[in-house]
Amino acid sequence: MKRLSLLLLSLALPFSLMIGCEQSGSKNADLQARVDSLQNKLDSAYVPGTGAIMNTIVQPHHLKLWFAGQNKNWALAEYERQELMGGFEKIQTLHKNKPAATAVAMIFPAMDAIEKAIREKDGNAFKSNFVVLTNTCNTCHQALKYEFNVIKVPVTNSFDDQRF
Ligand code: HEC
C-alpha cells in the first residue's frame, strides 16, 4: 500500500509541477500587462514644469504671504509660508535632475528666517526677511538665466476677494 501511494505520488508530482508552471506563466503575463499599462499612464501623466509651479504656486503665495505678514495675520502668514514652501519642494521632487532642483536650496535660509519671524510675531523681522526672500527669488532667476523674470515686494494686492 505504501509502495503504491509512493508510486502514485511520483507519477502525480511532475504533472502538478507542470500545471503549476503554466499557471505562473500566465500570471506573469497578467502582471506584465498591468505593469505596461501603469507605465503608459505614468508616461502620459501631467507633470507641471518649473514655470507652471512658479506661476501657480510660488508667485501667488509669495504675494499672499506679504499681505498676511503686513496685516500681522500670523496664522494666515504661516499657512502661506507653508504653501510657498510646498512649491519649492515640488521643484525638488518633480524635477530632480534639473538645475532648478539643486538651485532651489538657496531660498531655504530666507524661508527659515521668515518662519522664525512669524513664530515670534515679529513684524520688523518679517519685513526685512521678506526683502531677503524676494532678492533670493531674483538671485535664482539670474543663476538659471531667467534674469528677465524680476520679482519685487508687492504694492497692491491682486487677490481682492480674500481678507488679509
Ligand atoms: C530654482 C531657483 C528659483 C527660485 C528660488 C525661484 N525661482 Fe522663480 N523661476 C525659476 C525658473 C527656472 C523660472 C523659469 C521656469 C520656466 O519658464 O521654465 C522661474 C520663473 C518664475 C516666474 C515667471 C513665471 C511666468 O510665467 O511669468 C515667476 C513669476 C517666478 N519665477 C516667481 C518666483 C518667486 C516669487 C520666487 C521667490 C519667492 C521665485 N520665483 C524663486 C527659478 C526659481
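Taking CG of Leu63 as the reference point, atom CG of Asn157 lies at 5.5 Å (rounded to 0.5 Å). Note that CE of Met111 is 9.5 Å distant from CD of Gln82, once rounded to the nearest 0.5 Å. In this structure, Ile114 CD1 and Leu65 CG are separated by 5.5 Å, a value rounded to the nearest 0.5 Å. Rounding to the nearest 0.5 Å places CG of Asn40 at 7.0 Å from CG of Asp36. The SG atom of Cys137 sits 8.0 Å away from the CE atom of Met54 when rounded to the nearest 0.5 Å. Going from atom CG of Asn129 over to atom CG of Asn135 covers 11.0 Å, rounded to the nearest 0.5 Å.
Under the side chain to side chain donor-acceptor pair (under 3.5 Å) criterion, Asp43 pairs with Gln39, not counting sequence neighbours. The side chain to side chain contact (heavy atoms under 4.5 Å, CB included) test applied to Lys127 returns Trp66, Gln70, not counting sequence neighbours. Residues forming a salt bridge (charged side-chain N to carboxylate O under 4.0 Å, His left out) with Arg119 (at least two apart in sequence, or on another chain): Glu115. Residues passing the salt bridge (charged side-chain N to carboxylate O under 4.0 Å, His left out) test with Glu120, sequence neighbours excluded: Lys116. Under the rule for a side chain to side chain donor-acceptor pair (under 3.5 Å), Asp30 has no partner lying at least two apart in sequence or in another chain. Residues forming a side chain to side chain contact (heavy atoms under 4.5 Å, CB included) with Ala117 (at least two apart in sequence, or on another chain): Ala125, Phe126. With sequence neighbours excluded, the residues that form a side chain to side chain contact (heavy atoms under 4.5 Å, CB included) with Ala100 are Thr50, Ile91, Leu144.
Evaluation of the ring-ring contact (aromatic ring centres under 6.0 Å, His included) test over residues 131-164, restricted to residues two or more places apart or in two chains, returns Tyr146-Phe148. For residues 104-114, no pair satisfies side-chain hydrogen bond (donor to acceptor under 3.5 Å, both in side chains), with sequence neighbours left out. Here salt bridge (Lys or Arg N to Asp or Glu O under 4.0 Å) pairs that include residues 63-90, with residues two or more places apart or in two chains, are Glu78-Arg81. Contacts classified as ring-ring contact (aromatic ring centres under 6.0 Å, His included) and involving residues 31-64 (residues at least two apart or in different chains) are given here: His62-Phe130. Note on residues 81-108: no pairs pass ring-ring contact (aromatic ring centres under 6.0 Å, His included), not counting sequence neighbours.
Criterion: ILVMFWY side-chain heavy atoms under 4.5 Å apart, direct or through other members. Under it, Phe67 and Val153 are part of a common hydrophobic cluster. A continuous path of Ile, Leu, Val, Met, Phe, Trp and Tyr side chains, each step under 4.5 Å between heavy atoms, connects Val47 with Ile57, placing both in one hydrophobic cluster. Tyr79 and Leu133 fall within the same hydrophobic cluster, defined by Ile, Leu, Val, Met, Phe, Trp and Tyr side-chain heavy atoms under 4.5 Å apart, directly or through other members.
Closest approach of Thr136 and Val132 over heavy atoms only: OG1-O, 2.7 Å. Here the closest heavy-atom approach between residue Met106 and residue Ala143 is recorded as CE-CB, 4.4 Å. Looking at every heavy atom in both residues, Pro48 comes nearest to Ile53 through O-CD1, 3.8 Å. Here the closest non-hydrogen pair linking Val58 and Leu84 is O-CD1, 3.5 Å. In plain terms, the two heavy atoms of Val104 and Ala101 that are nearest each other are CG1-O, 3.4 Å.
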